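All heavy atoms count here, side chains included; hydrogens, waters and symmetry mates do not. For ligands, and for the atoms within them, numbers begin at 1 and follow the listed sequence. Here the structure is a predicted model, which means the values were calculated and not measured.
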Amino acid sequence: MMTNPHPLRAKVRIVLVETSHPGNIGAAARAMKNMGLDRLYLVQPVDYPNEKAVFRSASASDVLDQVVVCASLQEAISDCSLVLGTSARQRRIPWPLVTPKEAAIKITEHGAGAGDIAIVFGRESKGLKNEELQQCQYHVNIPTSEAYSSLNLAMAVQVLSYELFCASEAATPERVWDQLPATNTDLEHFFGHLETTLAEVGFHDPDNPRQLLTRLRRLFLRIEPDQMEISILRGFLKAVNDATRRQSQY
Ligand code: SAH
């Protein structure tokens, strides 16, 4: 295991979802190592391991040696407390949008002490799906010419890694907070509990969901709840469940 001496960058993982070209994986590893990052996660890579990846990584094959391959995006980010998704495209229901520089500042403010951080990149052909972006707190968009907004995958990794390098070298004070931030798993459990409770009280119709759950997901992701706040909300949902079930007995 390579040791990364920088406390914040050591907390940051780069997650590539269903990458088609192994050369892009190698080039991403190189971009990461140039900028002091070494934790690369691959979600269902199409063609990996492959010697093209090693070739394109140049002197960053040590990053490839410690790659973590995951079966799902959920698995790659479940223990993270800050997740940023990158995309060239605007979405119908917009997600909180930041530039790479703003993303890097968010990461440094989140700090090394709070929990792991993931930056997620999509497929070369069609990027991240809506439901994948909706697992992230932020949508990072790299500003480009209107004529052509989609960067090569490894180039996009380079831009984000570079901004993070610059921001993490300039010491930004960490956010001081009394509770740990909720992890992706805490949030997903809460969303599941919220969905069943909303259905139980008749506020949400599973047969006609519209965008209710997406909008609620965006609301709660945007406010970055801590673990205590999530457990208060879950306690409240449990009280609602108990009251509804008591009532339905009569
Ligand atoms: N054709 C795809 C683009 C894929 S580019 C689409 O329409 O979404 C491969 C990946 O590189 C993207 O999923 C994203 O993670 C990253 N990327 C490329 N250009 C980007 C940009 N302008 N802003 C943010 N991320 C970008």
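Between Arg9 and Glu169, at least one side-chain N (NZ, or NE/NH1/NH2) sits under 4.0 Å from a carboxylate O, which counts as a salt bridge. Under a 4.0 Å N-O distance rule, the pair Asp116/Arg39 qualifies as a salt bridge. Contact check on Lys106 versus Glu224 returns no salt bridge, with no Lys/Arg side-chain nitrogen under 4.0 Å from an Asp/Glu carboxylate oxygen.
Side chain of Gln137 to backbone of Ser81: a donor-acceptor contact under 3.5 angstrom is found.
Residues satisfying the ring-ring contact (aromatic ring centres under 6.0 Å, His included) criterion with Tyr48, sequence neighbours excluded, are absent altogether.
A side-chain donor from one of Asn241 and Thr197 sits under 3.5 Å from a side-chain acceptor of the other.
Sorted by chain and number, the heavy-atom contacts of ligand 1 below 4.0 Å come from Thr86, Ser87, Ala88, Arg89, Phe121, Gly122, Arg123, Glu124, Ser125, Lys126, Gly127, Val140, Asn141, Ile142, Thr144, Ser149, Ser150, Leu151, Leu153, Ala156.
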